Protein chains: 2
Amino acid sequence: MPQSKVISLNKLKVACKNCGLAKLCLPLGLDSGDIDQLDAIVQRHRPMHRGGHIFQTGDKFRSIYVVKTGTVKTYTQCPNGTEQVVGFHLPGEVVGLDGIESDKHICSAKALETTAVCEVPFDHLEELTSTIPGLQHQLFRLMSREITKETGLMVLLGKSTAEERLAAFLLSLSVRFHNRGFSATEFNLSMSRQEIGSYLGLALETVSRLFTHFQEEKILLVDRKHIQILDLDLLYDLLSNQTTCLDKLGAPS
Amino acid sequence: MPQSKVISLNKLKVACKNCGLAKLCLPLGLDSGDIDQLDAIVQRHRPMHRGGHIFQTGDKFRSIYVVKTGTVKTYTQCPNGTEQVVGFHLPGEVVGLDGIESDKHICSAKALETTAVCEVPFDHLEELTSTIPGLQHQLFRLMSREITKETGLMVLLGKSTAEERLAAFLLSLSVRFHNRGFSATEFNLSMSRQEIGSYLGLALETVSRLFTHFQEEKILLVDRKHIQILDLDLLYDLLSNQTTCLDKLGAPS
DNA sequence: AGGTAAATCTGATCCAGATCAATACTTGCT
DNA sequence: AGCAAGTATTGATCTGGATCAGATTTACCT
């Protein structure tokens, strides 16, 4: 029974070398033969629905996951019940790298909309990286980017005002969408105000007010989850006395 | 002239296999022969004085550095002149991993006291990791820990009160000192109130007041930079309704 | 379609911690 | 030793954003 599913799924598979995200993902810089080897260990699953879990806190660490379509949020649960969002992950971005050290996942990863991921079993990946120097380097780069990204966010959370945080968040999304071939100025948010607030260390009411405020300032046009950036420069200006943390907020070059 | 220095320095060298930090550092899990190979690429420098830079923002990324003795702070400079501390690094901890992705350092690293570091040229390290699977894995683990650590700090900065932040900071230091064979309850801070505040997203006055407050509560005994934790349990209690982020704050197991 | 729960917006109030300010205390420099 | 500059403490005030509360809209379910 699972066998038949696998076969039908194979038709849905997009090989790494035909994947539009390859230049953002593990295959970056690899030659065709190496990509085939990587391709062979990647497990592609059927898309999961909104709310589905990729992994949960405490799960044994076996694989890392690359978002193929959709959006993933990573979060931790506080003892008092509230959740703390630690990241939003767009297509081409990797989740699960935090699990390597302790051999179990230290946060949960959940689909914010219909989402497909490529699962890369980590033990296989480690074997491959030993023989494919370019793959090893790319994995180091991805992990380094993760560190850089989080450092940028730390700086943002440590010092900045609510306005600066939301501006940085929107610009980060803008750049990341742009790098994926989407509009830099018009997109849909797949997360709630609550989740944005949690991620940015703000109350959801503050996020809501800021959207209204940005709209009054003619910086944005907000319709529910749909965002249109009317003036990118104004948004960048809001971050002008900020560390140049923008490029640290998740924009692959 | 530099040649003679190098020779005299050789006497000061501690080979990785004789280094007390080996179990926290890259050699963890390697056999004797592999450690020798690693040892051969490590560059050991004379200790640097307080204030000396290991690298600065924008420097080309060539090496990662392991703190051998002393303390290192990493920080970024904001356009308006203020600096933002992004980390404090004790012996056995690695700095510079953020530079891999963009091939240049995105923060600066400075000695907070007389400090010695082991420099590990990254291109050599990458070559070695290809042939020593255990070393590769350990490097992945170290990078993963870095990610975990920063995630924990993000959560702390996003949600917690000033009191919780300082408690988490002190406990993180306590655990890390303990893991290095020092007292878990009595140590010297090598950083200023200002720097602690910057790291925790607090004003230096707030940090100062909290030290006073903790002292009044009989949790701490503070004398300038010298800290004695009188009641570890009380300190842990302050974090009780916190994400279990403590183990994410830099405590190698 | 209609009903219920969830998400969002908006206003009013409050407070933790920033900022401003003044005074010690250290430490380094000549 | 003595001055200057950095560092820490403590107090007084102010404010950005949290929290509380309510109204409104939207999404989901059968």
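Below, chains carry the letters A, B, ... as their sequence lines are ordered, and counting in each starts from 1. The shown structure was predicted, so the numbers you read here are calculated from the model rather than taken from an experiment.
- A:L166 has its CG atom 11 Å from the P atom of C:dC9, to the nearest Å.
- In this structure, NZ of B:K159 is placed 16 Å from C1' of C:dA16, rounded to the nearest angstrom.
- Comment: B:K73 engages B:E83 in a salt bridge, judged by a side-chain N to carboxylate O separation of less than 4.0 angstrom.
- For B:E119 and B:R44, the salt-bridge test fails: no basic side-chain N is under 4.0 Å from an acidic carboxylate O.
- For A:L189 and D:dT26, the CG to P distance is 16 Å, given to the nearest whole Å.
- Remark: A:H178 NE2 is loosely packed, at most 12 non-hydrogen atoms of other residues, nucleotides or ligands lying under 6.0 Å away.
- Straight-line distance from the CZ atom of A:R193 to the C1' atom of C:dA6: 14 Å, rounded to whole Å.
- The ring pair (Phe, Tyr, Trp, His ring centres under 6.0 Å) test applied to A:Y65 returns A:F55, not counting sequence neighbours.
- B:H89 and B:T74 share a side-chain donor-acceptor pair at under 3.5 Å.
- Between B:E93 and B:R180, at least one side-chain nitrogen of the basic residue sits less than 4.0 Å from a carboxylate oxygen of the acidic one, meeting the salt-bridge criterion.
- Looking at the side chain of B:R50, the nearest of the listed nucleotides D:dA18, D:dT7, C:dA18 is D:dT7.
- A heavy atom closer than 4.0 Å to some atom of DNA chain C occurs in B:E205, B:T206, B:R209, B:R224, these being the qualifying members of residues 205-230 of chain B.
- Heavy atoms of B:A162 sit under 4.0 angstrom from primed sugar atoms or phosphate atoms, though from no base atom.
- Backbone-only engagement by B:G201 is indicated by non-hydrogen atom pairs under 4.0 Å involving sugar-phosphate atoms exclusively.
- Look at CG on A:L157: it is 15 Å from P on C:dG17, rounded to the nearest Å.
- Atom CD of B:E195 and atom P of D:dT7 are 8 Å apart (whole Å).
- The CD-P distance, from A:E163 to D:dA18, rounds to 14 Å in whole Å.
- With 3.5 Å as the limit, one finds a donor-acceptor pair spanning the side chains of A:E186 and A:H226.
- Toward the 5′ end of DNA chain D lies the nearest nucleotide of B:L204, the other residue of the pair A:R165 and B:L204 mapping further downstream.
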